[in-house]
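Counting begins at 1 with the first residue of the sequence.
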Amino acid sequence: MAGNENTGGDFSFSAAAARDALPRITTEKGAKSSDVCHDDTAPRVNFQTIDELHSLQKKRSAPTTPLKEGGGVVMGTSGPTTPSSGETMLQSVSASLASLTRETGPKLIRGDPTSAAKVAHVPHTPTSVPAADVSDSGLKFTHILHNLSPAELYEQAIKYEKGSFVTSTGALATLSGAKTGRSPKDKRVVKDETTASELWWGKGSPNIEMDEQTFLVNRERAVDYLNSLDKVFVNDQYLNWDPENRIKIRIVSARAYHSLFMHNMCIRPTPEELENFGTPDFTIYNAGKFPCNRYTHYMTSSTSVDINLGRREMVILGTQYAGEMKKGLFGLMHYLMPKRKILSLHSGCNMGKGGDVALFFGLSGTGKTTLSTDHNRYLIGDDEHCWSDAGVSNIEGGCYAKCIDLSREKEPDIWNAIKFGTVLENVVFDEHTREVDYNDKSVTENTRAAYPIEYIPNSKIPCVGPHPKNVILLACDAFGVLPPISKLDLAQTMYHFISGYTALVAGTEEGVKEPRATFSACFGAAFIMLHPTKYAAMLAEKMQAQGATGWLVNTGWSGGSYGSGSRIKLAYTRKIIDAIHSGSLLNATYQKTEIFGLEIPNEVEGVPSEILEPMNAWEDKDAYKDTLLKLAGLFRNNFETFTSHKIGEDGKLTEEILAAGPNF
């Protein structure tokens, strides 16, 4: 940043431009926007006080040990916020974080921060800011806990953050407060001259606009809050395992929970890399414990998650859900990587022992995590990837797995990864044994575990691989009319990639048995920045160049819709995936289905032939045809959002994609 932008309140260890820093993007005021895409926002936790929330977290066991007033061990209670001995410290936020000359990482002072006499404190006034602008917070000590180890973060969380506990397997159980999921309707992106033309705005888009001035108001509120604290946590880490396209990230947060979460989810630098980290490419100010002012322009609640691509900054107010940081950075990569001709993907990725790579796309409940985790293959990553001219690379350094109904039998790798260093969000556990009950939804259904990727035994480190041979699109079709396996041509792959379809049953509503279709562009509409057709065109270009094959795999129902048919057995789906990996399906004979025009194989080893053609599995053929037409209509209605966007100057590619959809 320029010198006149660095005030005493900024958390910038260095402003000297590093060799690999991203170029600054000119930012101007923008105009207005409208709609937001569908998203699976988690419901707000039902409690009146913070103590009520904490009471949901622990389950009483028998026998219990009575707690004595004034004695005994009390875990997870709030304490004084003075850091203990052995922590790292800088002299002050104003004095040490506003430096414009430091070329390397912060020179931290080791020792007991409570012994102020050990450090000479000289009040600092930035030369670019008049003395009258220095606030009281600029004259106080704020301890900077920089890239702490998991053990140190455990100590901080348990000692100072109520609701933090060590579970029986060694994981750190935490609470994210009232918000147990993302808040997509409170997410804002600064709209300026550059982003107005580059980003996807309007109907179906996740990008809701705000102007530069409003962003700065929220940024100032966040930084002022962080400056008022006795200590803040700072993580300097990386995104993208591809060393040629690595992005440097700085996260400033108020909670040890957030710091440990990002320690796990981002790529962890070596001590040497940290020493020479330099200026970050992007900075997150996470002041989620403090609300935004809901009367501020563009605000609709006390929560706001704001991204400014021009300033390369993100501000979080009013939500402590850690997933906002993860997905905010994913949105950043969806913007930056296409500028480098690199495709960013919301997918799982694994690699066979022979070097064959497969990408797995799928919405919640489709089996993406389960099917991409294969003991016979190496895991490159479970959620976010890049596809460059060199091959594929994982964006992250960790995994963020759902925990609801988790069992050792169904998900042994995830189960075994929940150990020391792992963050467990919003789970319920026995108050005596600290054993987690993964079936308990008292706090939320969206319970999660965040752990380093190396906790998965067959993970590939570094998390990179050659070009994919197979692109697998997963759909849990509760209508029961899509085949278990279909081979797609290039135009069909683009069509179904843009559609991002699955169908689930609204199980939370009593008496509702009709399937509900869900469409999420590129299988991750909540995170993309550009128009979906741009990502689809890049996918088609790379698939064509590398000779990759597209597949549509239905992990949902067969022989009828939900309620009359049956779920396709996981064993059958695994056999299908194995056949894709082995290449045997490339030599199979195919027949084309009506309406959707999908190519389905006549035979797959280990899978009953009668379920390969959906109509054969239905007893009521008329009901099958009616349901098929209903689903085709839902696809067509959803795709109307994208028909007006032309790919290429002549729009020929757009016509090919439309022709690849259902024909009726």
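N293 contributes a side-chain N or O that, together with a main-chain N or O of Y295, makes up a donor-acceptor pair within less than 3.5 Å. Checked by atom type and distance alone, the side chain of S253 never pairs as donor or acceptor with a backbone atom of H258 at under 3.5 Å. A distance-only check finds a donor-acceptor pair linking the side chain of N264 to the backbone of A450 [under 3.5 Å]. In this structure, Q237 contributes its side chain and M262 its backbone to a donor-acceptor pair below 3.5 Å. R268 places a side-chain N or O within 3.5 Å of a backbone atom of G397 that can act as its donor or acceptor partner. In this structure a side-chain-to-backbone donor-acceptor pair under 3.5 Å is missing from D281 to R312. A distance-only check finds a donor-acceptor pair linking the side chain of R188 to the backbone of K185 [under 3.5 Å]. Side-chain N or O atoms of E212 include none that pairs as donor or acceptor with a backbone N or O of D192 at under 3.5 Å. Looking only at distances, no side-chain donor or acceptor of N638 sits under 3.5 Å from a matching main-chain atom of F519. Judged purely by atom type and a 3.5 angstrom limit, N207 uses its side chain to pair as donor or acceptor with the backbone of W200.
To the nearest 0.5 Å, atoms CG (L199) and OG1 (T194) are separated by 9.5 Å. How far CZ of F330 is from CE of M529: 11.0 Å, rounded to the nearest 0.5 Å. With values rounded to the nearest 0.5 angstrom, L153 atom CG is found 11.0 Å from S164 atom OG. Separation of atoms CG (L345) and CE (M333) is listed at 11.0 Å; rounding is to 0.5 Å. With values rounded to the nearest 0.5 angstrom, L336 atom CG is found 10.5 Å from N240 atom CG. Distance OG/S259 to NE2/H263: 8.5 Å, rounded to 0.5 Å.
What you find for A256 and F233 is that their closest heavy atoms are N-CE1, 3.4 Å. A157 approaches L172 most closely through the heavy-atom pair CB-CD2, 3.9 Å. Taking each heavy atom of G500 and L363 in turn, the nearest pair found is O-CD1, 3.3 Å. The minimum heavy-atom distance linking D382 with C399 is given by the pair OD2-CB, 3.5 Å. Of all non-hydrogen atoms in P532 and A521, the two that sit nearest each other are CG-CB, 3.6 Å. The shortest heavy-atom contact between S520 and A526 is OG-N, 4.5 Å.
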Please evaluate residues V189 and I208 with respect to the criterion side chain to side chain contact (heavy atoms under 4.5 Å, CB included), reporting the C-alpha separation (whole Å), side-chain torsions for both, the decisive distance (0.1 Å), and the verdict.
CA-CA 6 Å; V189 180; I208 307 175; over 6 Å; no
Before you tell me yes or no, could you show the steps for S499 and F639 under side chain to side chain contact (heavy atoms under 4.5 Å, CB included), namely the whole-Å CA-CA distance, both residues' side-chain angles and the distance that decides it to 0.1 Å?
CA-CA 7 Å; S499 296; F639 216 82; 3.6 Å; yes
Pair T174-V423, side chain to side chain contact (heavy atoms under 4.5 Å, CB included): steps then yes or no
CA-CA 7 Å; T174 65; V423 175; 3.9 Å; yes
Quick one, D186 with S304, criterion side-chain hydrogen bond (donor to acceptor under 3.5 Å, both in side chains). Give me CA distance, side-chain angles, the key distance, then yes/no.
CA-CA 5 Å; D186 295 310; S304 192; over 6 Å; no
The test is side chain to side chain contact (heavy atoms under 4.5 Å, CB included); show your working for L309 and L332 and say whether it passes.
CA-CA 8 Å; L309 296 170; L332 169 73; 4.0 Å; yes
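Screening residues 320-335 for salt bridge (Lys or Arg N to Asp or Glu O under 4.0 Å) gives K326-D383, K326-E384, K326-E396, K327-D383, K327-E384 as the qualifying pairs, with residues at least two apart or on separate chains. The salt bridge (Lys or Arg N to Asp or Glu O under 4.0 Å) contacts involving residues 253-267 comprise E161-R255, where partners must be two or more places apart or lie in separate chains.
Contact of the L329 side chain with the C266 side chain is registered, since non-hydrogen atoms from C-beta on lie closer than 4.5 Å. Residues S344 and P338 meet the side-chain proximity criterion, which asks for heavy atoms closer than 4.5 Å. Using a 4.5 Å heavy-atom cutoff, the side chains of I404 and N446 are not in contact. For the pair L424/C403, a side-chain contact is recorded, criterion being any heavy-atom separation below 4.5 Å from C-beta on. Within the 4.5 Å cutoff, the side chain of I307 has no heavy atoms near those of the E313 side chain. Counting heavy atoms from C-beta on, the side chains of Y501 and T518 never come closer than 4.5 Å. Counting heavy atoms from C-beta on, the side chains of R311 and L216 come closer than 4.5 Å. Looking at P150 and L260, their side chains come closer than 4.5 Å, going by heavy atoms from C-beta outward.
A centroid separation of less than 6.0 Å is found between the aromatic rings of F527 and H346. A distance of 6.0 Å or more separates the ring centres of F165 and Y154.
Evaluation of the salt bridge (Lys or Arg N to Asp or Glu O under 4.0 Å) rule for E273 yields R246 as partners, not counting sequence neighbours. In this structure T296 satisfies the side-chain hydrogen bond (donor to acceptor under 3.5 Å, both in side chains) test with no other residue, sequence neighbours excluded. With sequence neighbours excluded, no residue forms a salt bridge (Lys or Arg N to Asp or Glu O under 4.0 Å) with R221. Partners of Y225 according to the side-chain hydrogen bond (donor to acceptor under 3.5 Å, both in side chains) rule, which considers only residues two or more places apart in sequence or in another chain, do not exist here.
Taking the six-membered ring where the residue is Trp, F261 and Y400 present perpendicular rings, their angle passing 60° and hence far from 30°. Using a 30° and 60° split on the angle between ring planes, Y535 and H334 fall in the perpendicular class, above 60°. In this structure, F361 and F497 have perpendicular ring planes: the angle between them is above 60°, well past the 30° mark.
In the model, E425 has no side-chain atom that pairs as donor or acceptor with a side-chain atom of Y321 under 3.5 Å. Looking at T214 and H297, their side chains never bring a donor and an acceptor atom within 3.5 Å of each other. For the 3.5 Å distance criterion, the side chains of K179 and T303 qualify, holding a donor opposite an acceptor. For E198 and T195, the side-chain atoms include no donor-acceptor pair closer than 3.5 Å. Side-chain contact annotation: S364 with K402, donor-acceptor N/O pair under 3.5 Å present. Side-chain contact, D306 with N218: a donor N or O sits under 3.5 Å from an acceptor N or O. Judged by distance alone, the side chains of Q213 and D211 never bring a donor and an acceptor atom under 3.5 Å apart. No side-chain donor-acceptor contact under 3.5 Å links N426 and T444.
One finds a salt bridge joining R250 and D236 here, because a Lys/Arg side-chain nitrogen approaches an Asp/Glu carboxylate oxygen to under 4.0 Å.
Judged by a 6.0 Å distance limit and a 45° cone about the ring axis, K248 is not positioned over the six-membered ring of F282.
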